[in-house]
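A short write-up of the structure that comes next.
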Amino acid sequence: MTTHMNRKSLVAASGATLLLATLLTGCGSSGGDVEAFCDDAGAIVDGSFLDDVDANSTDDPAAVYDTALERVDKVDPPSDIEEDWTMTTEAMHTYLEGMADLDPESDTYSDDMDTLMGTVDQESLQTASDNIETYLSENCEA
């Protein structure tokens, strides 16, 4: 049973990292430091912000989601991109909180994910994500 739960945790954590990266690449308070934002957002985009999280060490995928959300919430976007960042992080909360209730091994998982994805305005989210991607490419070193 433990192996089964660890595999589910790993699948869920991998999905969370992929989802976060997708949300930020096109798929806090205002006035944050641009360089710090570039570093923090870059770590989210490439998934390295969860490098120290071992999904196999927990039988609770929600704990991985909580850690991811806590770290995303600590990012302080510059005022130029704050509205788009807020839109994207709110979508992350919706998705990750909803994913905590889904069973990746369920026969209905794909349909359940589609339903969850439909709870967020995808067009607005895409626009916010595109704006973040543009901001990162114009203001952050490659």
*Between atom CD of E133 and atom CD of E138, what is the distance when rounded to the nearest 0.5 Å?*
11.0 Å

*Are D52 and R71 close enough for a salt bridge, meaning some N to O gap below 4.0 Å?*
yes

*Is a side-chain N or O of Q122 found less than 3.5 angstrom from the main chain of V120, in a donor-acceptor match?*
yes

*side chain to side chain contact (heavy atoms under 4.5 Å, CB included) between I132 and W85, worked out*: CA-CA 7 Å; I132 292 169; W85 184 259; 3.8 Å; yes

_Distance (rounded to the nearest 0.5 Å) between E90 CD and D73 CG_ = 10.0 Å

*Could you state the interatomic distance from OG1 (T89) to NZ (K74), rounded to the nearest 0.5 Å?*
15.0 Å

*Got more than 12 heavy atoms from elsewhere within 6.0 Å of CG, D107?*
no

_Can you tell me how far apart CE (M99) and CG (D112) are? Round to the nearest 0.5 Å._
11.5 Å

*Determine the minimum heavy-atom distance between Y135 and D80, stating which atoms define it.*
CE1-CB, 4.0 Å

*Evaluate side chain to side chain contact (heavy atoms under 4.5 Å, CB included) for I44 paired with V72, printing each intermediate quantity in order.*
CA-CA 8 Å; I44 292 169; V72 167; 3.8 Å; yes

*asked:* If I take atom CG from residue L102 and atom CE from residue M113, how far apart are they, to the nearest 0.5 angstrom?
replied: 6.5 Å

*Check whether any side-chain heavy atom of L125 lies under 4.5 Å from a side-chain heavy atom of Y95, and answer yes or no.*
yes

*Could you give the distance from OG1 (T94) to CE (M117), rounded to the nearest 0.5 Å?*
11.0 Å

*Looking at residues at least two apart in the chain, or sitting in another chain, which of them share a side chain to side chain donor-acceptor pair (under 3.5 Å) with S106?*
T108

*asked:* I need the single residue from N131, T127, T134 that forms a side-chain hydrogen bond (donor to acceptor under 3.5 Å, both in side chains) with D84. Which is it?
replied: N131

*Starting from the C-alpha separation in whole Å, work towards a yes-or-no answer on side chain to side chain contact (heavy atoms under 4.5 Å, CB included) for I81 and F37.*
CA-CA 10 Å; I81 198 70; F37 176 74; 3.9 Å; yes

_Looking at every heavy atom in both L136 and C38, which two are closest together, and how far apart are they?_
CD2-CA, 4.5 Å

*Between S124 and M87, which heavy-atom pair has the shortest distance, and what is it?*
CB-CE, 3.4 Å

*Please name the pair of heavy atoms, one in L96 and one in A68, separated by the smallest distance, quoted to 0.1 Å.*
CD1-CB, 4.3 Å

